[in-house]
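Only one structure is covered here, and it is reproduced in the block below.
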Amino acid sequence: MQTVTFDSAHIHPFVSPDEFTAVRQEAFTAQQSLFRATCRGNDFLGWLDLPLQADFAGIRQAAEELRACARYLVVIGIGGSYLGARAVIEALSSSFRHPDGEGMQVLFAGHHIGEDYYAELLDFLADKSFALCVISKSGTTTEPAIAFRLLKAYLEQQVGRDEARRRIVAVTDAARGALHDLAQQEGYRTFAIPDNVGGRFSLLTPVGLLPIAAAGFDAEALLAGAAAMRSLCTDCPDNPALRYAAARTALYRKGYSVEILANFHTKLHYVTEWWKQLFGESEGKEHRGIFPAGADFTTDLHSMGQYIQQGPRTLMETVISVSSPCRRMAIPHDPGNLDRLNFLAGMRVDEVNKMAELGTRIAHIDGGVPNMAFRLPELNAHTLGQLFYLFELACGISGCMLGVNPFDQPGVEDYKNNMFALLGKPGYEQASRDIKIKLENSGTL
């Protein structure tokens with residue numbers, strides 16, 4: 001089996017081997033607390049066993065039925081309700097994909113409140129056959145709820161209410177909530193989000209698996225990859241998830257409070273976006289936690305490279321690269337050689353990329369940036385499943401070592417409460433008065 005590998009050798013100029021060994025023992029204890037369900041937030045550990053439990057038959061059937069009735073699928077969700085699926089779909093798609101292949105073209109909505117975006121989306125869908133996959137445990141989260149209202153009404157206007165029912169799938173709570181009740185009332189096909197799985201850990205539930213399967217990609221291989229990584233991590237006390245959690249924690253204790261996840265493959269941008277939510281929402285509590293930042297290299301070396309190289313020494317860097325690209329392309333010889341690149345003639349583009357990666361890592365380490373690296377042997381569903389499960393487990397271990405509950409997100413409610421008060425939502429009358437007084441006193445109004 002081709003396995004995702006992790007290299008932490010280049011943290012040792014910054015963390016001694018003895019210090020790392022001590023932290024690694026703490027990480028082992030934290031991992032045990034996860035699998036034994038003795039950690040904080042242990043009522044949200046269902047994600048640990050998802051690779052072994054997924055019932056894929058219903059998802060496969062739903063994906064086939066959606067593909068039979070529409071060419072486009074609009075996935076409506078925010079945060080963990082869309083980032084994982086988008087990360088996998090973007091990683092496995094052609095960079096210039098057109099919906100003429102086996103799977104549906106997947107579009108995304110409900111992840112912001114952008115009026116121009118929704119107007120343009122409806123314009124785009126005006127002459128297209130499309131279906132909706134709405135994802136929300138409650139059905140009342142503002143961003144996806146607005147998007148679903150708009151798109152549901154538009155779909156019903158296009159094809160009628162009866163046909164729209166066939167083209168709408170709801171992924172929601174198994175027994176309660178506004179979306180659950182609406183789906184029951186309208187007769188939509190539904191899939192349940194397990195009660196013991198939080199949104200940012202939900203990729204291997206119908207939240208991620210259904211859109212990925214509808215897009216024509218091998219969601220079962222994604223599960224198999226996650227299962228392989230789970231087996232590796234439970235059988236081996238020195239596994240890559242544990243070592244990654246230990247390395248980043250050891251560096252955090254040395255004052256490195258920002259982690260840059262830098263990819264050297266253009267299709268991994270949304271893997272970084274998913275990772276940012278996973279670690280940011282899990283660790284950023286009680287005035288603790290590593291700030292997760294992302295970069296696409298070599299692109300961002302021409303914008304952020306100077307800061308990384310010579311800015312404050314609070315940064316650690318984790319690199320993701322792919323050993324073997326799916327395609328081969330060599331650099332041609334040019335008789336004029338005005339760009340003076342004939343020394344690269346005959347070399348594969350990826351060979352240049354690999355030397356850019358190596359040169360960057362050497363420069364950043366020499367400049368005082370601790371460096372860690374993940375390498376995927378190939379970019380496919382199986383290796384992505386390994387990587388996602390590895391990150392989830394490492395996040396749980398890191399959060400436990402940090403002393404926070406990695407599985408809640410109480411701070412997210414603060415902006416929502418202010419927004420509801422400002423919008424005049426029923427039940428927020430006193431909060432509305434309080435916030436208006438606060439704004440008047442600050443001179444904002």
Side-chain angles (χ1 to χ4, degrees), residues 1-8 27 31 34-35 45-54 56 80 83-93 197 200-205 207-209 211-213 215 217-248 259 261-265 267-279 282 292 294 318-326 357 372-398:
M1 178 188 72
Q2 293 186 312
T3 305
V4 173
T5 59
F6 174 65
D7 175 14
S8 61
Q31 177 175 302
L34 289 168
F35 282 104
L45 293 174
W47 55 273
L48 282 167
D49 296 325
L50 285 175
L52 309 179
Q53 297 175 343
F56 198 73
L83 277 170
R86 187 163 195 174
V88 175
I89 291 168
E90 296 274 349
L92 299 180
S93 294
V197 177
R200 59 190 176 274
F201 290 86
S202 66
L203 170 63
L204 300 179
T205 74
V207 168
L209 298 177
I212 291 165
F217 298 115
D218 194 346
E220 289 178 275
L222 187 81
L223 281 166
M229 182 56 66
R230 183 190 185 281
S231 177
L232 174 64
C233 290
T234 52
D235 292 343
C236 176
D238 191 30
N239 63 73
L242 184 152
R243 285 190 286 113
Y244 173 49
R248 63 195 303 276
E259 181 178 7
L261 187 71
N263 68 75
F264 272 87
H265 196 295
K267 295 185 180 182
L268 295 178
H269 173 80
Y270 273 96
V271 172
T272 300
E273 294 301 300
W274 172 87
W275 172 91
K276 283 161 58 178
Q277 189 213 1
L278 177 70
F279 279 90
S282 297
T318 301
V319 171
I320 310 180
S321 60
V322 179
S323 295
S324 300
C326 298
E357 176 190 339
M372 299 169 280
F374 288 99
R375 190 169 295 279
L376 282 67
E378 296 178 354
L379 186 57
N380 57 43
H382 195 278
T383 57
L384 284 171
Q386 293 178 42
L387 184 68
F388 281 110
Y389 191 87
L390 189 161
F391 277 144
E392 288 180 352
L393 182 56
C395 182
I397 295 170
S398 291

*Quick one: pull up CG in N263 and NE2 in H269 and give me the separation to the nearest 0.5 Å.*
8.5 Å

*Are I212 and L203 close enough that some pair of their side-chain heavy atoms sits under 4.5 Å apart?*
yes

*Between atom CG of L390 and atom SG of C395, what is the distance when rounded to the nearest 0.5 Å?*
11.5 Å

_Value rounded to 0.5 Å, distance of CH2 in W275 from CD1 in I320_ = 8.5 Å

*Kindly indicate, with the supporting measurements, whether the criterion side-chain contact (heavy atoms from CB on, under 4.5 Å) is fulfilled by L393 and F35.*
CA-CA 10 Å; L393 182 56; F35 282 104; 4.0 Å; yes

*When you measure from the side chain of D49 to the backbone N and O of L52, does any donor-acceptor pair fall under 3.5 Å?*
no

*Between Q31 (side chain) and C233 (backbone), is there a donor-acceptor pair under 3.5 Å?*
yes

_With side-chain contact (heavy atoms from CB on, under 4.5 Å) as the criterion, how do S93 and F217 come out once you've worked through the C-alpha distance, each side chain's angles and the decisive distance to 0.1 Å?_
CA-CA 9 Å; S93 294; F217 298 115; 3.4 Å; yes

*What orientation do F6 and F374 show, parallel under 30°, tilted 30 to 60°, or perpendicular over 60°?*
tilted

*asked:* I need the C326 SG to L379 CG distance, nearest 0.5 Å.
replied: 6.0 Å

*Can you name the nearest heavy-atom pair linking I89 to P211, along with the distance?*
CD1-O, 3.8 Å

*Just wondering, do C236 and L242 contact through their side chains at under 4.5 Å, heavy atoms?*
no

*Using the side-chain contact (heavy atoms from CB on, under 4.5 Å) rule, take V197 and V207 through it: C-alpha gap first, then chi angles, then the decisive distance, then the call.*
CA-CA 11 Å; V197 177; V207 168; over 6 Å; no

*Taking every non-hydrogen atom, the tightest pair across R375 and S321*: NH1-OG, 3.0 Å

*Can you check side-chain contact (heavy atoms from CB on, under 4.5 Å) on F201 and L278, steps first, answer last?*
CA-CA 8 Å; F201 290 86; L278 177 70; 3.7 Å; yes

_Closest non-hydrogen atom pair, A91 against L384_ = CB-CD1, 3.8 Å

*Can a donor-acceptor pair be found between the side chains of Q2 and N380 at a distance below 3.5 Å?*
no

*Flag, side chain of Y389 to backbone of L48, donor-acceptor distance under 3.5 Å*: yes

*Find the distance between OG1 (T383) and CE (M229) and round it off to the nearest 0.5 Å.*
10.0 Å

*Any idea how F388 and W274 line up, ring-wise: parallel (<30°), tilted (30 to 60°), or perpendicular (>60°)?*
perpendicular

*Atom of K276, atom of G294 and distance for their closest heavy-atom approach*: CD-N, 4.0 Å

*asked:* To check you understand the geometry: which heavy-atom pair defines the closest contact between A247 and M372, and what is its length?
replied: CB-SD, 3.6 Å

_Euclidean distance, L387 CG relative to E392 CD, rounded to 0.5 Å_ = 10.0 Å

*Closest contact, heavy atoms only, A381 versus L92*: N-CD2, 3.9 Å

